[in-house]
K.L.:
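First the structure, then my questions, so here it is.
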Amino acid sequence: MPGGLPEREERVSMELSDEVLKSMEVGMAFRDYNGRISSMDFHSRATNYLVTASDDESIRLYDVQNSMVVSLSLCPHKEYFVSGSLDRTVLLWDQRAEKAQGLLHVQGRPAVSYDDQGLVFAIAFGGYIRMFDGRKFEKGPFDTFSIGGDDSEANVIKFSNDGRLMLLTTKDGHIHVLDSFRGTTISTYNVKPVLSNATLEASFSPDGTYIVSGSGDGSVYAWNVRNGKVACWGSTDTEPPLIKWAPGCLMFTTGSSELSFWVPDLSKLGSFASVK
């Protein structure tokens, strides 16, 4: 089907051979781990399910046959999580159960996120953010926010720690900050667009005052949510880095070809220079 996804996926059987083995290459990679993957295993019967554990204390479940998950968010206070997939579905999971507890069909690649209370989750696609009550998601969104005409593919959506703000990044290099209650756009920042196989990552500081974001040229940018750009750091990488701000700390990490920890240089901070 030109311009969209095929309505039916054709499956073929294939025997492993020297030629088949030599032809293998990476079909998709997930690089959003904050530590080394320490173990992983497929389900013994439902072999399309893969679970991973890593040094960042996360446990993740993937449906490698049907979903190819592109967005994942854990509920902060319960055993639930929500995943968005390339097949234009959003699944709600209970970590104690083998099968998904809910299914939503969307009209684009979804970015998903729970709020800080774990009661509401947001799904972004097609220029809009749709807000769902996690306890009655089957009734549909209770509110829908426009992203000011930016219908570029959604990459990442996140809530600030206090739940008052949301940020959304899109493939065209836009970072939007919205009021999560009213849906009004507070600010929009622009970086170089990312390639089709890359993700534009961004993160709130713990107090929600700043945003750190990657860029399509590998650079890292920081903005004050209210006042605009604060800093920019160049890079020799050509892909946007993963970015995570450490909770409650003056430190954020970036991951691309290497993992970097960013902390203040006190010698450059004037009155702090003499602090021992």
Side-chain angles (χ1 to χ4, degrees), residues 26 28-38 52-60 69-74 84 111-114 116 124 152-161 165-177 187-225 227-269 272:
V26 176
M28 178 169 286
F30 297 93
R31 302 184 177 92
D32 58 339
Y33 288 89
N34 288 330
R36 181 180 176 82
I37 297 173
S38 56
T52 69
S54 69
D55 293 342
D56 62 5
E57 300 183 347
S58 68
I59 298 175
R60 310 185 186 197
V69 173
V70 293
S71 184
L72 187 71
S73 179
L74 298 174
V112 299
S113 180
Y114 266 105
D116 63 309
S152 174
E153 188 175 272
N155 272 196
V156 170
I157 186 170
K158 294 181 181 179
F159 286 86
S160 59
N161 285 342
L165 301 175
M166 290 185 294
L167 70 80
L168 172 70
T169 69
T170 64
K171 189 70 71 176
D172 283 351
H174 306 305
I175 300 105
H176 303 283
V177 181
S187 53
T188 296
Y189 311 113
N190 301 302
V191 297
K192 186 175 180 180
V194 298
L195 300 176
S196 59
N197 62 344
T199 298
L200 180 60
E201 178 82 33
S203 182
F204 278 113
S205 63
D207 62 2
T209 302
Y210 297 94
I211 289 175
V212 177
S213 170
S215 173
D217 60 5
S219 300
V220 177
Y221 289 85
W223 292 273
N224 183 306
V225 170
N227 302 325
K229 189 170 74 172
V230 174
C232 174
W233 301 273
S235 172
T236 57
D237 287 317
T238 58
E239 293 187 5
L242 299 174
I243 293 182
K244 302 291 181 184
W245 202 297
C249 297
L250 285 175
M251 179 180 73
F252 66 89
T253 62
T254 60
S256 51
S257 57
E258 63 181 21
L259 181 66
S260 302
F261 295 84
W262 299 71
V263 295
D265 182 349
L266 297 182
S267 67
K268 298 179 180 179
L269 296 180
F272 291 93

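Being a predicted model, the structure only gives us computed values, none of them experimental.
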K.L.:
What pair of heavy atoms forms the shortest contact from Ser219 to Gly234, and how long is it?
P.N.:
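Taking Ser219 first and Gly234 second, the nearest heavy atoms are OG-CA, 4.0 Å.
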K.L.:
Please say whether more than 12 non-hydrogen atoms of neighbouring residues, nucleotides or ligands are located less than 6.0 Å from OH in Tyr189.
P.N.:
yes
K.L.:
Evaluate side-chain contact (heavy atoms from CB on, under 4.5 Å) for Leu200 paired with Lys171, printing each intermediate quantity in order.
P.N.:
CA-CA 7 Å; Leu200 180 60; Lys171 189 70 71 176; over 6 Å; no
K.L.:
If I take atom CG from residue Asn190 and atom CD1 from residue Ile175, how far apart are they, to the nearest 0.5 angstrom?
P.N.:
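The CD1 atom of Ile175 is 7.0 Å from CG of Asn190, to the nearest 0.5 Å.
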K.L.:
Has the side chain of Ser215 got a donor or acceptor atom that lies under 3.5 Å from a matching backbone atom of Val191?
P.N.:
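Checking the backbone N and O of Val191 against the side chain of Ser215, no donor-acceptor pair under 3.5 Å is found.
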K.L.:
Closest heavy-atom contact between Ala124 and Ala154?
P.N.:
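Closest approach of Ala124 to Ala154, heavy atoms only: O-CB, 3.6 Å.
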K.L.:
Students often mix this up, so state it plainly: with edges at 30° and 60°, are the rings of Phe252 and Trp245 parallel, tilted or perpendicular?
P.N.:
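Geometry flag for Trp245 against Phe252: tilted rings.
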K.L.:
What distance separates Glu153 CD from Thr199 OG1, expressed to the nearest 0.5 Å?
P.N.:
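The CD atom of Glu153 sits 8.5 Å away from the OG1 atom of Thr199.
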K.L.:
With Phe204, which of Leu167, Thr209, Val212, Asn161 fulfils side-chain contact (heavy atoms from CB on, under 4.5 Å)?
P.N.:
Leu167
K.L.:
Output yes when a side-chain donor or acceptor of Ser71 lies under 3.5 Å from a complementary backbone atom of Val112, and no otherwise.
P.N.:
yes
K.L.:
Students often mix this up, so state it plainly: with edges at 30° and 60°, are the rings of Tyr221 and Trp223 parallel, tilted or perpendicular?
P.N.:
parallel
K.L.:
Going by atom types alone, do Thr170 and Asp172 pair a side-chain donor with an acceptor below 3.5 Å?
P.N.:
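No, no side-chain donor-acceptor contact under 3.5 Å.
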K.L.:
Between Ile243, Thr253, Thr254, which is the residue that forms a side-chain contact (heavy atoms from CB on, under 4.5 Å) with Ser203?
P.N.:
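It is Ile243, the one option of Ile243, Thr253, Thr254 that forms the side-chain contact (heavy atoms from CB on, under 4.5 Å) with Ser203.
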K.L.:
Which heavy atom of Val194 sits nearest a heavy atom of Pro240, and at what distance?
P.N.:
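Heavy atoms only, the tightest pair is CG1-CG, 3.6 Å.
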K.L.:
Quick check: does any side chain N or O of Thr169 sit under 3.5 Å from a backbone N or O of Glu201, one acting as donor and the other as acceptor?
P.N.:
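No; zero donor-acceptor contacts below 3.5 Å.
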K.L.:
Would you name the heavy atoms of Gly208 and Ser160 that are closest together and state the gap between them?
P.N.:
CA-CB, 4.4 Å
K.L.:
Atom CG in Asn155, atom NE2 in His174: separation rounded to 0.5 Å?
P.N.:
11.5 Å
K.L.:
Pro241 and Gly218: which non-hydrogen atoms are nearest, and at how many Å?
P.N.:
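Answer, listing the atom of Pro241 first, then Gly218: CD-O, 4.0 Å.
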K.L.:
Which distance, rounded to the nearest 0.5 Å, do you find between the NZ of Lys229 and the CG of Asn224?
P.N.:
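Here the rounded value is 13.5 Å.
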K.L.:
Any side-chain donor paired with an acceptor under 3.5 Å for Ser54 and Ser58?
P.N.:
yes
